[in-house]
Amino acid sequence: MPFFLLFILILYIAVFLCISMRVVPKGRVLIIERLGRYHASWQPGIHFLAPFIDRIRGKINLEEQSASFPPQTFRTEDHASLQIDAAVFFLISDPKRYTYSVDDPNSAIEKLTTAALREIIASMDRDTALHSRDEIQSQLFSLLKDGADVLGIRISRVELKDVSRAPDSFTW
């Protein structure tokens with residue numbers, strides 16, 4: 001009888017350890033909530049989760065990611081329509097802020113990029129905008145760098161894939 005109870009106790013401890021042990025792989029961070037509130041950001045390694053008290057809110061990838069969205073149409077200073085296709089490359093610098101600042105960070109990056117491009121293109125005429133891709137990229141990078149910090153994101157680079165006249169635009 002005592003061996004049976006010892007076996008049950010060892011089995012219970014082994015199951016408890018298997019349920020509570022988590023291994024965070026390299027390049028990832030786990031956001032842990034305790035009783036519904038932020039508790040910790042677990043870095044790579046072995047960690048123990050308190051069952052029924054802690055839960056994993058999110059698994060954050062710390063490697064470089066890209067946000068690419070469909071081409072947008074913008075108006076220049078001289079009211080010409082340009083179609084711009086851009087891609088933003090970023091790293092997550094603050095996993096807690098990234099998780100809790102907005103519901104959909106990729107959508108927020110898209111909206112931030114669109115607003116910054118609208119501001120940049122509206123200050124240029126059509127010919128300048130068509131021929132100064134590097135200037136647009138550098139201005140966009142500096143605007144996004146400041147705005148994305150609030151989201152817990154660090155912009156690593158911005159690429160304009162295409163700057164062209166909008167298909168529905170016409171010339172006088």
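Computed from a predicted model, the values in this text were never measured in an experiment.
A 6.0 Å sphere centred on NZ of K26 holds no more than 12 heavy atoms belonging to other residues, nucleotides or ligands.
Closest approach of Y98 to P105, counting heavy atoms only: CE1-CB, 3.3 Å. Taking both residues in full, the closest heavy atoms of N61 and G27 are given as OD1-O, 3.5 Å, listed atom of the first, atom of the second, then distance. Here the shortest heavy-atom pairing between I136 and A129 reads CD1-O, 3.5 Å. Nearest heavy-atom pair across L112 and G147 is CD2-C, 3.6 Å. Nearest heavy-atom pair, S93 versus R154, reported as atom, atom and distance to 0.1 Å: OG-N, 4.1 Å.
With contacts defined as side-chain heavy-atom distances shorter than 4.5 Å, the pair L143/L117 does not qualify. Using a 4.5 Å heavy-atom cutoff, the side chains of H79 and R126 are not in contact. For the pair L160 and L140, the minimum side-chain heavy-atom distance is below 4.5 Å. A heavy-atom distance below 4.5 Å is not found between the side chains of D104 and V102. Inter-residue side-chain proximity for I32 and R57 is flagged as unmet; no heavy-atom pair is nearer than 4.5 Å. The closest side-chain heavy-atom distance from F74 to T114 is below 4.5 Å. Contact check for K59 versus R28: no side-chain heavy atoms found under the 4.5 Å cut-off. Side-chain contact between L30 and H47 is absent, with no heavy atoms from C-beta onward closer than 4.5 Å.
For the pair R97 (side chain) and D149 (backbone), a donor-acceptor distance under 3.5 Å is present. Judged purely by atom type and a 3.5 angstrom limit, S41 has no side-chain atom pairing as donor or acceptor with the backbone of I31.
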Residues 2-25 side chain polar contacts: donor-acceptor under 3.5 Å, at least two apart:
{"from": "S20", "atom 1": "OG", "to": "F16", "atom 2": "O", "distance (Å)": "2.9"}
{"from": "R22", "atom 1": "NH1", "to": "I19", "atom 2": "O", "distance (Å)": "2.9"}

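For E64 and S156, the side-chain atoms include at least one donor-acceptor pair closer than 3.5 Å.
Atoms CG and CG, on D54 and L35 in that order, are 7.5 Å from each other to the nearest 0.5 Å. Note that the CG atom of L62 and the CD1 atom of I92 stand 6.5 Å from one another [nearest 0.5 Å]. Considering CD of Q83 and CD of Q72, their distance stands at 9.0 Å, rounded to 0.5 Å. I121 contributes atom CD1, which lies 11.5 Å from atom OG1 of T73 (distance to the nearest 0.5 angstrom). With rounding to the nearest 0.5 angstrom, the CE atom of M124 is 10.0 Å from the CD atom of E77. A distance of 9.0 Å separates CD in E135 from CD1 in I120, rounded to the nearest 0.5 Å.
For the side chain to side chain donor-acceptor pair (under 3.5 Å) test, residues two or more places apart in sequence or in another chain that qualify with T128 are D125.
Considering I155, I84, V158, V88 in turn, V88 is the only one that fulfils the side-chain contact (heavy atoms from CB on, under 4.5 Å) rule with T113.
L82 and F69 fall within the same hydrophobic cluster, defined by Ile, Leu, Val, Met, Phe, Trp and Tyr side-chain heavy atoms under 4.5 Å apart, directly or through other members. When the side chains of ILVMFWY residues are joined at heavy-atom separations under 4.5 Å, either directly or via intervening members, I109 and F141 end up in a single hydrophobic cluster.
Using the six-membered ring where Trp is involved, Y38 and Y100 have ring planes that are perpendicular, over 60° apart on the 30 and 60° scheme.
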Query raised in the report: Step by step, would you call S81 with R75 a side-chain contact (heavy atoms from CB on, under 4.5 Å)?
Result: CA-CA 5 Å; S81 295; R75 291 263 185 200; 3.4 Å; yes
